[in-house]
Number of protein chains: 2
Amino acid sequence: MICHIDAGNGIPIYEQIERQVKFAVANGWLLVGERIPSVRDLATQTAVNVNTVSRAYRDLQQQGVLIAIRGTGMVISGQAPQICKQDRLEMIRERLRSVLQEALQNQISVGEIRTLVDDEWHQLSQDQKTDEA
Amino acid sequence: MICHIDAGNGIPIYEQIERQVKFAVANGWLLVGERIPSVRDLATQTAVNVNTVSRAYRDLQQQGVLIAIRGTGMVISGQAPQICKQDRLEMIRERLRSVLQEALQNQISVGEIRTLVDDEWHQLSQDQKTDEA
DNA sequence: GCTAGTGTCATACCACGCTATTACAGTAGT
DNA sequence: ACTACTGTAATAGCGTGGTATGACACTAGC
């Protein structure tokens, strides 16, 4: 599991981890029963403190996505796929709404938004390809 | 000048104020030479502390949007419209990019994004109309 | 000159996110 | 049993955003 942390987007690190785990489950990159990286491994890999990762895992546990087995590790729960697939678009939708709300309140038109979306999407797609290369 | 503060969108209050002043200038709701509300007035009106408003005004001053006249108030600068019009779409673009980046990294398709945008825009437009009524 | 209004500054306090460090309890492999 | 891992927890410290409060210097209107 690869985890990208963006320090400058305003979202707390522990929440970014939670979201990415959920996306990974929803997309089938993490399967039911599969172990996720230990808190120490993920902390080292993402250059983040153990406590921060631990908080994310604890939250995911309380949401029913993870199951902790003390001394062994943490595992994707059986109900996780259902939960995560349900949240998949909602997580994006909520962030999107906040941006659109500001745009609408300030006289930006639907057309401007649409071109903005297409432009940025195109740009990001190419960035992603060059990253992979 | 009416100012809406959203406490739950992750953007610092002082930054929200800055953005809304800029939008107001870009849209011609605030004209060059016009006085903006005093720090105490805006603080009371938005239920925010004076220092927070003051910080927003100070930032806008350093960006060349406002001019402070000690003992009198603050005024929209001559170069403000140019600056603010230039930033108008950029401010939205940056927030939008952050959301699209997350979407792209997690296998959301352009189609899903487009329908999300249209749905939410439609929803927000109606909300705004009912607010005005 | 007095008063009421400006912006500005300093101090203290709190909540939150994050880090660093240490320690503890449990499991698995040898 | 020993070792090397797991998750969990407590503590202390830092930076930032926000509040509350009080004080200062300045200006405009009466």
Side-chain angles (χ1 to χ4, degrees), chain A residues 1 3-21 30 33-77 80 95 98 102, chain B residues 1 3-21 30 33-77 80 95 98 102:
Chain A
M1 219 208 96
C3 211
H4 310 80
I5 300 300
D6 180 1
N9 65 5
I11 302 180
I13 296 177
Y14 68 85
E15 203 175 320
Q16 292 186 43
I17 296 176
E18 293 178 37
R19 295 170 76 92
Q20 293 191 33
V21 169
L30 287 175
E34 188 176 350
R35 277 195 51 201
I36 64 174
S38 75
V39 288
R40 289 179 180 82
D41 276 0
L42 189 55
T44 306
Q45 174 196 323
T46 57
V48 157
N49 192 270
V50 185
N51 294 321
T52 306
V53 179
S54 188
R55 157 131 194 213
Y57 282 11
R58 173 168 46 91
D59 287 354
L60 288 168
Q61 202 183 153
Q62 285 169 342
Q63 294 170 35
V65 176
L66 295 183
I67 296 172
I69 307 173
R70 204 178 174 87
T72 298
M74 302 194 78
V75 158
I76 308 293
S77 80
R95 290 188 65 191
S98 179
E102 187 181 32
Chain B
M1 218 206 95
C3 211
H4 309 81
I5 300 301
D6 180 1
N9 64 4
I11 302 180
I13 297 178
Y14 67 85
E15 203 175 321
Q16 292 186 43
I17 297 176
E18 294 178 37
R19 296 170 76 94
Q20 293 191 32
V21 170
L30 287 175
E34 188 176 349
R35 276 196 52 200
I36 65 172
S38 77
V39 288
R40 289 179 180 83
D41 276 1
L42 189 56
T44 306
Q45 174 195 324
T46 57
V48 157
N49 191 270
V50 185
N51 294 321
T52 305
V53 179
S54 189
R55 157 131 195 214
Y57 283 10
R58 173 168 46 91
D59 287 354
L60 288 168
Q61 203 182 154
Q62 286 170 342
Q63 293 170 35
V65 176
L66 294 184
I67 296 173
I69 308 174
R70 203 177 175 88
T72 298
M74 303 195 79
V75 158
I76 309 295
S77 80
R95 290 187 65 191
S98 178
E102 187 181 33

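All figures in this text were calculated on a predicted structure; none of them were measured in a lab. We name chains A, B, ... by the order of the sequence lines, and we start the count at 1 in each one.
Spacing between atom CZ of A:Arg35 and atom P of D:dC5 amounts to 12 Å, rounded to whole angstrom units. At whole-Å resolution of the value, CE in B:Met74 and C1' in D:dC26 are 14 Å apart. Rounded to an integer number of Å, the gap from CG of A:Asp59 to P of D:dG7 is 15 Å. Taking atom CG on A:Leu42 and atom P on D:dT6, their separation rounds to 12 Å, with Å as the unit. Distance, B:Ile67 CD1 to C:dT8 C1': 18 Å, rounded to whole Å. Put simply, CD1 on A:Ile36 is 19 Å from P on D:dC5, counting in whole angstrom units.
One distance of note links CZ of A:Arg40 with OG1 of A:Thr44; it measures 9.5 Å at 0.5 Å rounding. Atoms CD and NE2, on B:Glu102 and A:His4 in that order, are 12.0 Å from each other to the nearest 0.5 Å. In this structure, A:Ile17 CD1 and A:Leu60 CG are separated by 9.0 Å, a value rounded to the nearest 0.5 Å. To the nearest 0.5 Å, atoms CG (A:Leu30) and CD1 (A:Ile76) are separated by 4.5 Å. The CD atom of B:Glu15 sits 11.5 Å away from atom CD1 of B:Ile13, with the distance rounded to the nearest 0.5 Å.
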Nucleotide N/O of nucleotides 18-20 of chain D paired with protein N/O under 3.5 Å:
| residue | atom | partner | partner atom | Å |
| --- | --- | --- | --- | --- |
| D:dG18 | OP1 | B:Ile13 | N | 2.4 |
| D:dG18 | OP2 | B:Ile13 | N | 3.4 |
| D:dT19 | OP2 | B:Asn49 | N | 3.1 |
| D:dT19 | OP2 | B:Thr52 | OG1 | 2.8 |
| D:dA20 | N7 | B:Asn49 | ND2 | 3.3 |
| D:dA20 | N6 | B:Asn51 | ND2 | 2.8 |

Detail all sub-3.5 Å separations between protein N/O atoms and N/O atoms belonging to nucleotides 26-30 of chain C.
| residue | atom | partner | partner atom | Å |
| --- | --- | --- | --- | --- |
| C:dG26 | N2 | A:Gly71 | O | 3.4 |
| C:dT27 | O3' | A:Thr72 | OG1 | 3.2 |

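Contact annotation: A:Arg58 side-chain N/O to D:dT8 OP1/OP2 distance is not under 4.0 Å. For D:dG17, one of the phosphate oxygens OP1 or OP2 lies less than 4.0 angstrom from a side-chain nitrogen or oxygen of B:Arg55. Distances shorter than 4.0 Å separate some side-chain N or O of A:Gln61 from OP1 or OP2 on D:dT8.
Side-chain N/O atoms of A:Ser98 and B:Arg95 include a donor and acceptor closer than 3.5 Å. A donor-acceptor contact closer than 3.5 angstrom links the side chains of B:Gln16 and B:Asn9.
For the residue pair B:Met74 and B:Ala68, the shortest heavy atom distance occurs at CE-CB, 3.6 Å.
Judged by distance alone, the side chain of A:Ser54 and the main-chain N or O of A:Val50 form no donor-acceptor pair under 3.5 Å.
B:Arg40 comes within 4.0 angstrom of a base, heavy atoms only.
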